[in-house]
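A short worksheet on the structure shown next.
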Amino acid sequence: MHYLAFWQSALVLAAVPLVQWLWLRRSFGVSGRYTALVDELRSPRSAEDEPEMNEAELIAAMRAATAEAFGESVLEAPAAPDPAAPVVLRAADPAYMHWLFFGGIAAGGLVSALARGNWTPTFGLHSELFARMFGASPVLGPLVLVGGGVLVGFGTRMAGGCTSGHGLCGVSQFQRGSLLATLAFFGTGVVTSFALRGLL
Amino acid sequence: MASQDCPHMGTCPMYPVIKLSGSLKVWQTRYCQAAYAECARHKLSVAGQRVPQTLMPNGAYLKLARASSAE
């Protein structure tokens, strides 16, 4: 299989959180999107629940909440919005935005696979190791993938993010928790991969 | 020293607001980098429940000044 050079991949991956932050002022996280979609389907929220605030309104509201919780003395003198914090708390995305997001991921993967010219639908992964472990069964392969997905969902929920949220956005902000999380899931993946190759 | 940082700092939408504004850093020092287990947002998140965008770490909700000033 042909892979991009490491620096080409690095540039693309670095651009993802950068564009996301500069354009949307939000962290990028696939598991977070998925959680938001499930929440939205479970109980749709209204505009009253999640008011949209511009920067000045947000900072004013947060200063008021801060003064209420800790007293006026903790606030810095200028009451104007901090120019270093051009952040806007936006109303939650409607459900169709989440569908669009996941549709984009699927479409991107499909386009990439088709562009390689040799794509064929499969019940498993295009991987020798996977085929050796689970064969080409139309039942076992999907079951293993669904089981893996459930474990990933459990882990990302527990860790508060996944490879995109922690690995791209959190690490790019030098968050210690994200660095540890990324170290844990990549380290575990490498060890597991070597262990399986050694055993099989 | 063991890290006291909230593991959700990288993904919490409220953290960047708190982090970048000097007046609001008290939340960071009290919750995000210390007693994050007591953070109302963290509690809801680990319980698998929706975290309202306007929920503050102490359980209070942001009040939008626009609504009252318009009346």
Would you name the heavy atoms of [X] and [Y] that are closest together and state the gap between them?
| X | Y | answer |
| --- | --- | --- |
| A/M158 | B/H8 | O-NE2, 4.2 Å |
| B/L62 | A/A65 | CD2-CB, 4.0 Å |
| B/N58 | A/A69 | ND2-CB, 3.4 Å |
| B/I18 | A/M62 | CG1-CE, 3.8 Å |

Discussion item. Let's go through B/D5 and A/L180 carefully: what are the C-alpha distance in whole Å and the side-chain angles of both, what is the deciding distance for side-chain contact (heavy atoms from CB on, under 4.5 Å) to 0.1 Å, and is it a yes or a no?
Written reply: CA-CA 11 Å; B/D5 287 358; A/L180 278 175; over 6 Å; no
Worksheet entry | Interchain contact, A/A159 with chain B, by part (heavy-atom threshold 4.5 Å) | backbone
Practice prompt. Using non-hydrogen atoms and a 4.5 Å limit, figure out which bit of A/T66 sits close to chain B: side chain, backbone, both or neither.
Written response: both
Practice prompt. Answer yes or no: does atom OH of A/Y34 have more than 12 heavy-atom neighbours from other residues, nucleotides or ligands under 6.0 Å?
Written response: no
Practice prompt. Residue by residue, scan residues 26-35 of chain B and write down, ordered by number, those that have a heavy-atom distance under 4.5 Å to chain A; if none do, write 'none'.
Written response: B/V26, B/W27, B/R30, B/Y31
Discussion item. Quick check on the structure: residues of residues 144-156 of chain A within a heavy-atom distance below 4.5 Å of chain B, by number.
Written reply: none
Do [X] and [Y] belong together in a cluster built from hydrophobic side chains that touch within less than 4.5 Å?
| X | Y | answer |
| --- | --- | --- |
| A/F102 | A/Y96 | no |
| A/L196 | A/F130 | yes |
| B/Y61 | B/V51 | yes |

